[in-house]
Number of protein chains: 2
Amino acid sequence: MGITKIEAYSEDILSKAQLFKALGHPARVAILDFLAKQTSCICGEIVAELPLSQASISRHLNELKDAGLIKGTISGTSVCYCINTDQIPQLNQFLNQLISPIDQTCCS
Amino acid sequence: MGITKIEAYSEDILSKAQLFKALGHPARVAILDFLAKQTSCICGEIVAELPLSQASISRHLNELKDAGLIKGTISGTSVCYCINTDQIPQLNQFLNQLISPIDQTCCS
DNA sequence: TATATTAATCGTAATATTGCAATATATAAA
DNA sequence: TTTATATATTGCAATATTACGATTAATATA
């Protein structure tokens, strides 16, 4: 999506931005939302759930996996996807830091 | 970034995806990180802080503003930007829901 | 008024994303 | 072994994003 000067930012910033980016598409939010309500999941069910082709969903699943937001294991002809919670606290912490009490005297 | 079938998702999903998308760039994460440490801020200081041109930063600030993640008021020749915390809880809640205890029997 | 300062906007080039159709791959079942 | 089922991958075409330089707009100051 255009040229990003990734070399100029800290690992920490880049890591968060990448995770948020992976979350920055309705299909992927919907997939995670769906997975959060399941104990396990097969890709096919997601295809039935979302208004996208199987190929598109496969791509989104792959992006989520690359970002470390889901993990999957192959079982027979189906693949089981689950949410990988490892990265979530990092994002929650960042968001909480944004809320943290500051004296907003200028823009309010 | 390609054609997204936004009309097919719920408002709730779209809203979250849009916020995450706005957070999905290192420059914008860095801007928010910087703003979180200030009580007030002038755009010029951000320009000095980041490895981007003034024009690029102005665009990122505008995107953050459009997303409702910052708010700004013009004061003299400078503009004061602050974090708008209104949307944050929505994201925190979503992330927490992803972590929420589920019986992951399949992918572990 | 003229000049300096600050931030927004415009134009353009490079690159990334999205979606679908078609195809490939792999396992299960007949 | 053949066929069916399920998921992944590839190859476009359309569109969005990013960054920068140059310019513009607006205010402050001399």
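Naming: A, B, ... by sequence-line order, numbering from 1 per chain.
- Listed pair B/Tyr81 / C/dT6 fails the phosphate criterion, with no side-chain N or O lying under 4.0 Å from OP1 or OP2.
- Closest to the side chain of B/Lys21, from the set D/dT18, D/dT17, C/dA8, is D/dT17.
- Taking atom CG of A/Asp66 as the reference point, atom P of C/dT18 lies 13 Å away to the nearest angstrom.
- Listed by chain and number, the residues in a side-chain hydrogen bond (donor to acceptor under 3.5 Å, both in side chains) with A/Asn96 are B/Asn92 (sequence neighbours excluded).
- Atom CD1 in A/Ile3 sits roughly 6 Å away from atom C1' in D/dA19 (whole-Å rounding).
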Give the table of side-chain donor-acceptor pairs shorter than 3.5 Å for residues 46-60 of chain B, with sequence neighbours excluded, one pair per line with atom names and distance.
| from | atom 1 | to | atom 2 | distance (Å) |
| --- | --- | --- | --- | --- |
| B/Ser53 | OG | B/Ser56 | N | 3.2 |
| B/Ser53 | OG | B/Ser56 | OG | 3.1 |
| B/His60 | ND1 | B/Arg28 | NH1 | 2.9 |

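- Listed candidates were D/dA19, C/dT18, C/dA7. Nearest to the side chain of B/Val79 is C/dA7.
- Summarising the geometry, the separation between CD on B/Glu45 and P on C/dT6 is reported as 11 Å, rounded to the nearest angstrom.
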task = Summarise protein proximity over nucleotides 23-30 of chain D in one line of letters, 5' to 3': B for base, S for sugar-phosphate only, - for none, counting protein heavy atoms closer than 4.0 Å.
result = ----BS--
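- Taking atom CD of B/Gln18 as the reference point, atom P of C/dT18 lies 14 Å away to the nearest angstrom.
- Summarising the geometry, the separation between CG on A/Leu52 and P on D/dT7 is reported as 15 Å, rounded to the nearest angstrom.
- A search for side chain to side chain contact (heavy atoms under 4.5 Å, CB included) contacts involving A/Leu91 returns A/Lys16, A/Leu19, A/Phe20, A/Leu23, B/Leu95, not counting sequence neighbours.
- Heavy atoms of B/Ile57 sit nowhere under 4.0 angstrom from any nucleic acid atom.
- Distances shorter than 4.0 Å separate none of the side-chain N or O atoms of A/Ser58 from OP1 or OP2 on D/dT7.
- Between the P atom of D/dT17 and the CG atom of B/Leu64 lies a distance of 14 Å, rounded to the nearest Å.
- Looking at heavy atoms from C-beta onward, B/Val29 lies out of side-chain contact with B/His25 at the 4.5 angstrom threshold.
- Rounded to an integer number of Å, the gap from B/Asn62 CG to C/dA7 C1' is 11 Å.
- One distance of note links CD1 of B/Ile83 with CD1 of B/Ile88; it measures 7.0 Å at 0.5 Å rounding.
- Proximity of a side-chain donor or acceptor of B/Asn84 to a complementary backbone N or O of B/Lys71 within less than 3.5 Å is not detected.
- Applying the side-chain hydrogen bond (donor to acceptor under 3.5 Å, both in side chains) test to B/Asn62 and every residue at least two apart in sequence or in another chain returns nothing.
- Distances were taken from every side-chain heavy atom of A/Leu61 (C-beta onward) to each of C/dG19, D/dT18, D/dA8; the shortest belongs to D/dA8.
- Between B/Ser56 and the phosphate of D/dC20, there is a side-chain N or O to OP1/OP2 separation shorter than 4.0 Å.
- Looking at the side chain of A/Thr4, the nearest of the listed nucleotides D/dT18, D/dT9, C/dT9 is D/dT18.
- For the atom pair A/Leu35 CG and A/Glu45 CD, the distance stands at 9.5 Å (nearest 0.5 Å).
- Each of D/dA19, C/dT6, C/dG19 was ranked by its minimum atom distance to the side chain of B/Tyr9; first place goes to C/dG19.
- What separates NE2 of B/His60 from P of C/dA7 is a distance of 16 Å, to the nearest Å.
- Side-chain N/O atoms of A/Arg59 and base N/O atoms of D/dG11 include a donor-acceptor pair closer than 3.5 Å.
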